[in-house]
Each structure stands twice: as structure tokens, then as C-alpha cells.
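Below you'll find the structure I mean.
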Amino acid sequence: MNEAFWHNANLLVDDDNPGDFNQALMELGATICTPKNPLCTNCPISSNCLAFQQTKQHQDDRKHKFLSIKSEPSIKDIEDCVSGKNSN
């Protein structure tokens with residue numbers, strides 16, 4: 001799995017300006033992908049975001065339930081999705 005991450009990183013990061021990619025990710029995290037109240041609808045990469053897809057599915061599932069006595073399963077955050085952790 002590490003090899004796949006490095007391969008993708010090499011495709012995404014410009015050799016001449018690697019800091020630009022890091023700065024862009026930090027800006028995304030500071031302005032859009034915040035821990036509380038993320039602005040997923042404004043995110044340019046939400047269509048490729050596993051956390052967004054899982055959160056959207058969770059919200060859709062909740063719309064179909066009128067009353068739930070059971071506790072809701074936890075939703076993965078971006079760190080869990082990237083590292084492959086399973087919080088369930």
C-alpha cells in the first residue's frame with residue numbers, strides 16, 4: 001500500500017515546487033475540510049473523498065429512520081480513510 005501512495009504522490013507533486021502541493025492541502029484543511037462543520041459542498045475534491053462519501057451515505061440512511069434508539073455508528077474521518085484504519 002505504501003508503494004501506491006508514493007506512486008500517487010510522485011504523480012501529484014511537482015518536482016520543481018513540491019511545497020505548493022503541501023500548501024494547497026493545508027489551505028484545504030484550514031478552510032474547507034475542518035473537523036467541525038466541513039464545507040464539503042465547496043470542496044473541489046469531494047467526489048474523490050471517501051470520508052465525504054461515507055458521511056453522505058450516513059446522512060441518507062438517517063433520513064430514512066424516524067426514530068433510532070441505537071447509537072449511530074461512528075463516521076471515519078480523513079485520517080482513518082487514508083491510513084486504512086477501521087473505527088467500526
Side-chain angles (χ1 to χ4, degrees):
M1 184 187 274
N2 273 341
E3 293 167 9
F5 283 127
W6 281 112
H7 174 74
N8 288 335
N10 287 327
L11 292 175
L12 293 170
V13 178
D14 181 29
D15 290 336
D16 296 329
N17 298 303
D20 290 352
F21 183 79
N22 292 335
Q23 185 63 38
L25 286 181
M26 289 189 294
E27 287 292 320
L28 189 65
T31 59
I32 304 279
C33 192
T34 58
K36 295 181 181 179
N37 303 318
L39 302 171
C40 296
T41 55
N42 297 342
C43 182
I45 61 169
S46 63
S47 62
N48 297 313
C49 178
L50 183 59
F52 173 71
Q53 292 169 6
Q54 289 179 343
T55 300
K56 186 174 183 320
Q57 181 62 48
H58 176 70
Q59 290 170 344
D60 291 346
D61 290 347
R62 290 187 71 200
K63 287 179 185 177
H64 293 86
K65 295 179 184 179
F66 292 108
L67 178 63
S68 176
I69 298 173
K70 300 176 190 174
S71 63
E72 297 291 333
S74 63
I75 299 295
K76 294 180 182 180
D77 63 12
I78 190 67
E79 291 87 3
D80 293 334
C81 295
V82 170
S83 67
K85 294 179 186 173
N86 188 350
S87 60
N88 292 337

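Remember, predicted model here, so these are calculated numbers, not experimental data.
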Under the rule for side chain to side chain contact (heavy atoms under 4.5 Å, CB included), what residues qualify as partners of N37, not counting sequence neighbours?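 Per chain and number, N37 pairs via side chain to side chain contact (heavy atoms under 4.5 Å, CB included) with no residue.
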Sequence neighbours excluded, every pair satisfying side chain to side chain donor-acceptor pair (under 3.5 Å) that has a member inside residues 1-11: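 Qualifying pairs: none.
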Side chain to side chain donor-acceptor pair (under 3.5 Å) contacts in which one or both residues fall within residues 24-34, not counting sequence neighbours: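 Applying side chain to side chain donor-acceptor pair (under 3.5 Å) to every pair that reaches into residues 24-34, excluding sequence neighbours, yields Q23-E27.
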Hydrophobic cluster partners of V13 (side-chain heavy atoms under 4.5 Å):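 Besides V13, the cluster holds L12, F21, L25.
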Can you name the residues that form a side chain to side chain contact (heavy atoms under 4.5 Å, CB included) with C33, not counting sequence neighbours?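 Here no residue qualifies.
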Run the side chain to side chain contact (heavy atoms under 4.5 Å, CB included) test against L28 and tell me which residues pass, sequence neighbours left out.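 With sequence neighbours excluded, L28 shows a side chain to side chain contact (heavy atoms under 4.5 Å, CB included) to I32, C43, P44, I45, given in chain and number order.
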Closest non-hydrogen atom pair, F52 against S46: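 Scanning both residues, the minimum pair turns out to be CD2-O, 3.2 Å.
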L39 side, atom CG; T41 side, atom OG1 - distance, nearest 0.5 Å: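 It is 6.5 Å, given to the nearest 0.5 Å.
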